[in-house]
Protein chains: 2
Amino acid sequence: MAAREKATILDIAREAGVSKSTVSLVLQGSSLIRPETATKVRKAIEDVGYVYNRGAANLRKAHSNVIGMVINDLTNPFFAELAVGMERVFQSAGVVPFIANTAENPVRQEEVLKSMMEQGVAGLIVSPARGTTAEAFNRMRQAGIPVVLAMRRMPDGRVPAVVPDNHRGAALAAAHLIRKGHRRLAFFGGFSDMVVYHERADGFREGCEANGIAPEDMTIVEGETNRRGGMACLDAALTLPDPPTAAVCFNDAVAFGAMLALRKRGLEPGRDFAVVGFDDVVEAQHYVPALTSVAVDTAGLGERAAHSVLRMIQSRTTRAEDHVGAVNLVVRESCGPDLNASKDEVFS
Amino acid sequence: MAAREKATILDIAREAGVSKSTVSLVLQGSSLIRPETATKVRKAIEDVGYVYNRGAANLRKAHSNVIGMVINDLTNPFFAELAVGMERVFQSAGVVPFIANTAENPVRQEEVLKSMMEQGVAGLIVSPARGTTAEAFNRMRQAGIPVVLAMRRMPDGRVPAVVPDNHRGAALAAAHLIRKGHRRLAFFGGFSDMVVYHERADGFREGCEANGIAPEDMTIVEGETNRRGGMACLDAALTLPDPPTAAVCFNDAVAFGAMLALRKRGLEPGRDFAVVGFDDVVEAQHYVPALTSVAVDTAGLGERAAHSVLRMIQSRTTRAEDHVGAVNLVVRESCGPDLNASKDEVFS
DNA sequence: TTGATTTATTGGAACGTTCTAAAACGAGCT
DNA sequence: AGCTCGTTTTAGAACGTTCCAATAAATCAA
């Protein structure tokens with residue numbers, strides 16, 4: 001059964017006894033056609049089991065209603081959150097976002113972007129894979145397709161981006177640890193070919209300096225931005241001659257890794273070594289000990305990015321302002337009690 | 001700069017001094033055209049900044065190269081895993097999967113499915129939102145578009161599905177707890193309008209019966225399938241007159257919730273109450289205490305589902321066999337040591 | 001040389017929409 | 001009757017590709 005030939009606008013026209021133009025008008029909800037005709041047509045549409053062919057339509061129309069979302073790591077709940085925020089605004093704009101995963105692989109990303117363009121997306125939100133260069137977006141610029149970066153920006157900043165205030169977040173975290181009485185601090189995770197790494201590591205450094213920590217008391221350990229990386233960083237740091245007593249981590253995953261490694265060594269996170277994360281994923285509050293982390297309004301950033309593309313599509317421009325989202329430190333248990341219960345004035 | 005008119009196959013033809021047909025052939029990598037001509041054309045393609053218009057192509061071609069993946073909850077790392085598995089096989093088949101999230105909302109799902117069809121997907125993998133009925137897939141059947149369900153099946157089983165062996169998994173979990181010496185067991189989470197719930201709860205019941213537990217010693221508590229639901233279930237169970245001492249949970253999220261609730265009451269999971277999860281998400285092994293859980297090869301199921309659609313597309317059929325994936329119990333710490341150190345023969 | 005055969009190339013008709021310009025239809029006025 | 005206005009409807013030309021059938025060019029056999 002079924003397998004009937006694909007019904008087209010013409011079949012509907014025949015069925016309803018009108019012209020294809022009329023059907024087209026009905027499909028677009030035009031107010032030109034007489035209500036009775038409209039209902040007649042709509043009935044025919046139902047009857048023949050019609051599926052709108054957007055490809056054919058796009059051939060004539062200026063642009064489609066699909067927006068692409070290209071994400072570098074879908075398995076990181078953090079990015080899933082971002083996606084959710086975007087979806088919220090797209091949904092109310094009657095746009096369907098198509099998500100694709102690049103698994104942090106620039107080659108895959110290239111394919112995905114290509115495919116999205118071929119599909120005729122109206123705009124793109126991209127959380128670029130590590131190692132992506134601005135050139136990757138040349139083709140879109142040339143084709144006049146708006147692109148907004150999310151969470152990570154390009155080194156040269158030529159593509160509009162929506163990012164959290166990484167610098168301030170890391171500084172906040174460092175200040176918190178220092179206020180807790182720590183004097184030898186570390187920064188764990190990330191690699192110097194990532195822009196975010198620089199923003200966070202620099203913020204960390206500045207936060208330390210501003211609170212009187214000497215450069216030789218700061219340890220910066222690069223590493224993967226996941227649990228395994230966090231474990232490696234911690235191990236590396238603790239074998240140093242004069243090891244740190246606290247660390248700001250590149251993200252929560254790294255922080256979890258560091259805490260895991262601490263436990264493996266019989267040390268208790270919070271008591272024997274303080275850890276601060278970054279991103280404040282849902283997991284952070286449920287972990288034991290609950291993780292102190294720099295909270296980023298991920299879903300909010302997602303919404304922001306979505307609004308940006310929408311606006312760019314509307315005004316058919318390919319440029320837009322960057323947006324830097326506010327951050328704030330959520331204090332939980334992973335830094336233990338104050339080591340030095342005197343100070344009381346802090347950043348907020 | 002840029003903003004140039006969109007280049008078409010004709011522009012390339014003009015640039016390269018050949019006919020549009022030749023360009024089309026080159027684009028498809030046909031062996032008909034002379035290599036030198038091909039390179040000439042390829043150069044022209046580069047020069048004019050051409051973007052292939054798949055919509056136009058699909059107008060003539062039988063079917064497109066895009067496959068839709070509709071997922072009910074992208075924020076659940078479990079589903080992200082599933083997506084990753086599928087992507088792996090699609091990638092090697094030269095297909096780009098477009099993912100869309102339905103956030104467990106049937107209405108949203110309807111929109112998403114519609115949009116995917118309009119976009120002309122060649123096939124669909126769907127992890128249906130709760131409350132989805134088989135009718136939701138009528139349109140696809142009518143249009144002859146292959147659909148494979150993942151992780152959840154329809155009550156009437158008319159749509160091919162790829163699912164884990166829920167029944168066996170839950171039975172395994174129950175048997176394990178009984179072997180540990182527990183005699184009053186509970187099943188936490190899920191609602192009776194979900195097929196999976198029945199499969200798992202029935203498996204639990206059967207596992208209990210097979211090991212000599214009387215029906216009155218089994219407690220079944222329905223609830224949301226997330227952390228919050230798990231907490232609620234535990235609280236409900238412990239206020240019973242003769243409370244259970246162990247629980248098989250609908251999934252890991254519920255198990256985490258239950259453990260959280262235990263802690264809140266000053267009870268230690270594993271020691272004071274045994275908990276088994278289902279799905280074995282990565283989180284399970286890192287949790288404290290590490291969660292004993294029924295492992296499902298999620299990525300494997302994803303691959304399986306992907307292969308299924310691919311095969312269905314190939315053979316232009318809309319029917320396929322169901323696939324039930326193997327499960328196995330991963331024993332960790334959340335059930336504590338044996339309460340009764342005698343038995344030694346078990347299911348594997 | 002002339003066909004016959006193979007190898008490369010091409011014109012033109014689809015495909016299913018949208019959109020412009022024009023037609024058909026009433027009504028209301030002279 | 002003819003004219004002018006709305007209001008509805010429609011024919012037909014796009015849009016950018018594929019693919020069939022046809023042509024052109026090159027090669028070979030005699």
Side-chain angles (χ1 to χ4, degrees), chain A residues 4-42 44-45 48-66 114-115 117-122 143-144, chain B residues 4-42 44-45 48-66 114-115 117-122 143-144:
Chain A
R4 191 192 325 184
E5 272 318 301
K6 209 151 273 189
T8 86
I9 217 179
L10 276 147
D11 299 316
I12 301 172
R14 196 174 319 116
E15 180 85 8
V18 296
S19 80
K20 62 175 166 34
S21 310
T22 306
V23 179
S24 175
L25 272 296
V26 172
L27 284 174
Q28 298 169 75
S30 163
S31 62
L32 274 183
I33 50 103
R34 202 154 42 104
E36 318 159 37
T37 323
T39 46
K40 188 173 59 180
V41 171
R42 264 189 278 271
I45 291 179
V48 301
Y50 170 72
V51 181
Y52 183 73
N53 183 335
R54 208 168 282 275
N58 287 164
L59 221 40
R60 297 261 14 211
K61 288 226 284 238
H63 53 230
S64 70
N65 76 143
V66 355
K114 175 151 164 274
S115 188
M117 295 204 63
E118 292 183 356
Q119 220 57 233
V121 294
Chain B
R4 196 192 323 186
E5 272 316 302
K6 209 150 274 186
T8 87
I9 217 178
L10 277 148
D11 299 316
I12 300 173
R14 197 174 318 118
E15 180 85 7
V18 298
S19 80
K20 61 175 171 34
S21 308
T22 307
V23 179
S24 176
L25 272 301
V26 172
L27 250 18
Q28 298 169 74
S30 163
S31 62
L32 273 182
I33 52 103
R34 200 154 43 102
E36 318 159 37
T37 322
T39 46
K40 188 172 61 178
V41 170
R42 264 190 277 271
I45 291 179
V48 302
Y50 170 73
V51 184
Y52 183 72
N53 184 335
R54 207 167 283 275
N58 286 164
L59 222 40
R60 295 259 20 210
K61 288 224 287 233
H63 53 231
S64 71
N65 77 143
V66 353
K114 176 153 165 271
S115 190
M117 294 204 65
E118 292 183 357
Q119 221 56 234
V121 293

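By convention in this document, chain letters (A, B, ...) are assigned in the order of the sequence lines, proteins followed by strands, and residues within each chain are numbered from 1. None of the values given here were measured: they were computed from a predicted structure. All values below come from the heavy atoms of this structure, side chains included, with hydrogens, waters and symmetry mates left out.
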(request) Using a strict 4.0 Å threshold on nitrogen-to-oxygen distance, state whether A/Glu118 and A/Lys114 make a salt bridge. (result) yes
(message) A side-chain contact here means heavy atoms from C-beta on lying under 4.5 Å apart; do A/Leu27 and A/Tyr50 qualify?
(response) yes
(request) Give a yes or no on whether the backbone of B/Ala56 and the side-chain of B/Asn53 come within a donor-acceptor separation of less than 3.5 Å. (result) yes
(request) Using a 4.0 Å heavy-atom cut-off across all strands, classify B/Ser21 as base, sugar-phosphate, or nothing. (result) base
(message) Tell me which residues in residues 53-61 of chain B lie within less than 4.0 Å of DNA chain D, going by non-hydrogen atoms.
(response) B/Asn53, B/Ala56, B/Ala57, B/Leu59, B/Arg60, B/Lys61
(request) State whether A/Gln28 places a side-chain N or O below 4.0 Å from either non-bridging phosphate oxygen (OP1 or OP2) of C/dC19. (result) yes
(message) Is it true that B/Ser19 and B/Thr22 share a donor-acceptor pair across their side chains at a distance under 3.5 Å?
(response) yes
(request) Sort out for me which residue in B/Val26, B/Val41, B/Leu25 forms a side-chain contact (heavy atoms from CB on, under 4.5 Å) with B/Val18. (result) B/Val41
(request) Could you tell me whether the side chain of B/Gln119 reaches within less than 4.5 Å of the side chain of B/Val66, counting heavy atoms only? (result) no
(request) Could you tell me from which nucleotide to which nucleotide of DNA chain D, 5' to 3', there is an atom under 4.0 Å from chain B heavy atoms? (result) D/dG16 to D/dC19
(request) Report the distance from atom CZ of B/Arg34 to atom P of C/dT10, rounded to the nearest whole Å. (result) 10 Å
(message) Output the rounded distance in Å from CG (A/Leu27) to P (C/dC19).
(response) 12 Å
(message) When the axes are fitted on five pairs at both termini, how much does the helix from C/dT1-D/dA30 to C/dT30-D/dA1 curve, in 10° steps?
(response) 60°
(request) Kindly indicate whether the side chain of B/Arg54, heavy atoms from C-beta on, has any atom under 4.5 Å from the side chain of B/Asn65. (result) yes
(request) Name the nucleic acid region contacted by A/Ser24, choosing base, sugar-phosphate or nothing; use a 4.0 angstrom heavy-atom cut-off, strictly under. (result) base
(request) Using atom types as modelled and distance alone, determine if a side-chain donor or acceptor of A/Asp11 lies under 3.5 Å from a backbone N or O of A/Thr8. (result) yes
(request) Please name the pair of heavy atoms, one in A/Ala13 and one in A/Lys20, separated by the smallest distance, quoted to 0.1 Å. (result) CB-N, 3.8 Å
(message) Rounded to whole Å, please give me the gap between NZ in B/Lys20 and C1' in C/dA8.
(response) 16 Å
(request) Heavy atoms only: give me the nearest B/Lys40-B/Ala16 pair and the separation to one decimal. (result) CE-O, 3.6 Å
(message) Between B/Ser64 and B/Gly120 (side chain of the first, backbone of the second, donor and acceptor by atom type, cut-off under 3.5 Å), is there such a pair?
(response) yes
(request) Return the value, rounded to whole Å, for the distance between atom CG of A/Leu32 and atom C1' of C/dA23. (result) 15 Å
